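Heads up, the thing below is written out as structure tokens.
Please read all numbers here as calculations on a predicted model, not as lab measurements.
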Amino acid sequence: MVSTPSSTSREDAFLKTRIEAIYSIALAMVGMDLLGSAMMASLFWQQGNRIWLVIWVVASAIVIGSRTVATMAYKSGRFAAIPSRRWAASLTAFSAASGLLWGVALGLIVATGTDSQVMFAICVALSGLTLSIAHVAYWPMYAAFEIPVMLAAALGFVVSDRPGHWPLAGAATVMTIVLLGVSRRLAAQVLHAHRLAAANQALVESLGARGKALEQACDALERVSRTDPLTGLANRRQRDGRLADEWERALRSGGPLAVVAIDVDHFKRFNDTHGHAEGDRALKAVAEMLLAGVRGPVDLAARQGGEEFMLILPGVDQAGAASIAERVRVMVATCSNDAGFALPEKVTISLGVAAIHPGPGRSVHELTIAADAALYRAKMAGRNRYEIAVIDSVAAAA
């Protein structure tokens with residue numbers, strides 16, 4: 001099976017997680033090593049074997065000290081650039097050195113010690129093997145410790161002269177094989193569980209990313225459905241919704257609501273003379289001036305279609321709406337002088353201003369009709385100007 005870069009990176013991630021699990025209990029294991037080493041040292045002391053006592057103490061100090069230094073270095077995070085495989089190799093090397101040291105000591109005690117000393121040494125070794133089962137998170141580390149310890153015990157029984165030494169050696173050998181098999185199976189189950197958890201996490205993250213992408217796509221679609229593609233202003237659909245919302249809000253608050261109906265003067269002639277591309281540029285210029293003339297997100301500038309626009313001005317009375325209408329009229333009339341627009345001729349707009357305090361018996365339709373009527377008067381009066389609607393007279397005429 002050929003490893004792909006992605007599969008290699010996943011395996012490295014799994015290895016790193018297993019190494020972190022081992023290092024998370026490393027200091028506790030060092031404490032247990034110290035306790036076990038002290039127990040084994042007491043056996044050598046009881047035997048009066050000063051040479052092996054010194055060898056054991058020095059070798060144990062070197063191995064345990066080296067493991068402690070490596071653990072502190074890893075936990076410090078200062079050596080993050082070292083690949084996980086090198087940390088794994090160091091763990092295996094320390095475990096093998098510890099296993100060899102314990103194996104030699106155990107084999108020596110089993111071969112030469114008294115029955116009580118052998119029993120004590122075997123109990124200590126089995127306790128160490130039981131505690132080190134946590135290392136199956138990275139199985140080679142456990143195997144590197146378990147094999148020399150158990151085989152050394154078997155060899156010690158072989159060379160000893162106590163009764164039943166061959167069955168005891170065979171039992172130690174069988175136990176070695178059984179422990180290897182059980183630990184290997186347990187390690188495989190731990191790794192499988194970790195991979196399954198990683199796959200589930202990746203699935204959750206993927207679903208989250210897709211859900212976010214879908215939400216963003218829906219938002220984008222919603223914006224497209226409510227935005228005029230040429231000018232970027234609100235389209236008629238958004239205008240209608242905003243008008244209804246502001247009408248209801250004004251009904252509750254008792255405040256005014258104003259609209260300004262806008263039409264680009266002589267736009268058909270402009271299009272026929274300069275072409276549709278220039279006509280589109282002119283509409284974009286008007287849209288920019290409308291956006292610059294209103295109160296940011298409070299007001300709404302919308303393109304109703306063709307050369308028709310509308311401003312929705314919540315909380316603005318008639319005088320305020322007239323002021324905004326005059327401001328945008330001047331801005332549009334002078335924008336053709338701006339080099340950034342470079343329009344082929346001057347563009348002007350006509351505007352109809354209407355304001356109302358929503359209340360019982362009135363409707364938003366009444367407001368827009370009044371604004372359209374005022375716009376018509378502005379165009380009839382010569383264009384490039386605004387007219388103010390008288391709502392009550394319009395309602396009476398209707």
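Enclosure of atom CE in Met175 is not indicated, since only 12 or fewer non-hydrogen atoms of other residues, nucleotides or ligands lie within 6.0 angstrom. For Arg327, the CZ atom counts as densely surrounded, since its 6.0 Å shell holds more than 12 non-hydrogen atoms of other residues, nucleotides or ligands. For Leu207, the CG atom is densely surrounded, since the number of other residues' heavy atoms within 6.0 Å is greater than 12. Annotation: Tyr376, atom OH; neighbour count of heavy atoms from other residues, nucleotides and ligands within 6.0 Å does not exceed 12.
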* To do: Tell me, with the steps shown, if Glu215 and Lys212 meet salt bridge (Lys or Arg N to Asp or Glu O under 4.0 Å).
  => CA-CA 5 Å; Glu215 182 180 354; Lys212 185 176 181 180; over 6 Å; no

* Asked: Do Arg269 and Asp272 pass the side-chain contact (heavy atoms from CB on, under 4.5 Å) test, and can you show the C-alpha distance, the side-chain angles, and the key distance before you say yes or no?
  -> CA-CA 5 Å; Arg269 188 192 68 190; Asp272 293 342; 5.7 Å; no

* Before giving the answer on side-chain contact (heavy atoms from CB on, under 4.5 Å), spell out for His266 and Glu345 the whole-Å C-alpha distance, their side-chain angles and the decisive distance to 0.1 Å. => CA-CA 12 Å; His266 302 298; Glu345 68 173 87; over 6 Å; no

* Does the pair Ile109 and Met40 meet the rule for a side-chain contact (heavy atoms from CB on, under 4.5 Å), with working shown? -> CA-CA 9 Å; Ile109 292 174; Met40 293 296 285; 3.6 Å; yes

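A donor-acceptor pair shorter than 3.5 Å can be found between the side chains of Ser350 and Asp265.
Considering only heavy atoms from C-beta on, Leu283 comes within 4.5 Å of Phe309 through its side chain. Under the 4.5 Å side-chain criterion, counting only non-hydrogen atoms from C-beta, Ser60 is in contact with Leu101. Within the 4.5 Å cutoff, the side chain of Leu313 has no heavy atoms near those of the Val298 side chain. When side chains are defined from C-beta on, Leu257 counts as touching Ile312, because their heavy atoms get closer than 4.5 Å. You'll find the side chain of Met289 stays beyond 4.5 Å of the side chain of Thr334, heavy atoms only. Contact of the Pro167 side chain with the Phe157 side chain is not registered, since no non-hydrogen atoms from C-beta on lie closer than 4.5 Å. At a threshold of 4.5 Å between non-hydrogen side-chain atoms, the residues Trp87 and Leu91 do not count as touching. Considering only heavy atoms from C-beta on, Pro314 comes within 4.5 Å of Arg295 through its side chain.
What you find for Ala153 and Val110 is that their closest heavy atoms are O-CG1, 4.0 Å. Taking both residues in full, the closest heavy atoms of Val353 and Ala322 are given as CG1-N, 4.0 Å, listed atom of the first, atom of the second, then distance. Met29 approaches Arg67 most closely through the heavy-atom pair CB-NH2, 4.5 Å. Closest heavy-atom contact between Ala258 and Ala321: CB-CB, 3.7 Å. When all heavy atoms of Met310 and Ala261 are compared, the pair lying nearest together is CE-CB, 4.4 Å. When all heavy atoms are compared, the tightest approach of Gln238 to Asn235 is N-OD1, 3.0 Å.
Summarising the geometry, atom CG belonging to Asp317 is positioned 13.5 Å from atom CD1 belonging to Ile356; distances are rounded to the nearest 0.5 Å. Atom-to-atom distance recorded for Leu375:CG and Met380:CE is 9.5 Å, nearest 0.5 angstrom. The structure places NZ of Lys346 at 7.5 Å from CG of Asn337, a figure rounded to the nearest 0.5 Å. Interatomic distance, CE of Met150 versus OG1 of Thr173, reported as 8.0 Å (0.5 Å rounding).
The aromatic rings of Phe44 and Trp56 lie tilted to each other, with the angle between the two planes from 30° to 60°.
Distance alone, capped at 3.5 Å, places no donor-acceptor pair between the Ser323 side chain and the Ala319 backbone. Of the possible donor and acceptor atoms, none in the side chain of Ser37 sits under 3.5 Å from a partner among the backbone N and O of Leu34. Remark: side-chain polar atoms of Ser95 are not paired, donor with acceptor, to backbone N or O of Thr92 under 3.5 angstrom. Under a 3.5 Å cut-off, the side chain of Ser76 and the backbone N or O of Ala73 do form a donor-acceptor pair. With hydrogens and angles ignored, the 3.5 Å screen pairs a side-chain donor or acceptor of Arg377 with a backbone N or O of Ile388.
Both Val149 and Ile55 are members of a single hydrophobic cluster when ILVMFWY side chains are connected at heavy-atom separations under 4.5 Å. When hydrophobic clusters are built by joining Ile, Leu, Val, Met, Phe, Trp and Tyr residues whose side-chain heavy atoms come closer than 4.5 Å, directly or via intermediates, Val330 is not grouped with Leu291. Hydrophobic clustering (side-chain heavy atoms under 4.5 Å, transitive across Ile, Leu, Val, Met, Phe, Trp, Tyr) keeps Phe94 apart from Trp102. Hydrophobic cluster membership is shared by Val260 and Ile324, with clusters built from Ile, Leu, Val, Met, Phe, Trp and Tyr side chains linked at under 4.5 angstrom. Criterion: ILVMFWY side-chain heavy atoms under 4.5 Å apart, direct or through other members. Under it, Leu351 and Phe270 are part of a common hydrophobic cluster.
A salt bridge between Asp280 and Lys284 is absent, with no side-chain N of the basic residue lying under 4.0 Å from a carboxylate O of the acidic one. Arg329 and Glu326 are joined by a salt bridge, as a carboxylate oxygen and a charged side-chain nitrogen come within less than 4.0 angstrom of each other.
For the pair Arg242 and Trp247, the cation does not sit on the ring face, since its NZ or CZ is not both under 6.0 Å from the ring centre and inside 45° of the axis.
With Leu311 as the partner, the side chain to side chain contact (heavy atoms under 4.5 Å, CB included) test is satisfied by one option alone out of Val316, Val259, Leu290: Leu290.
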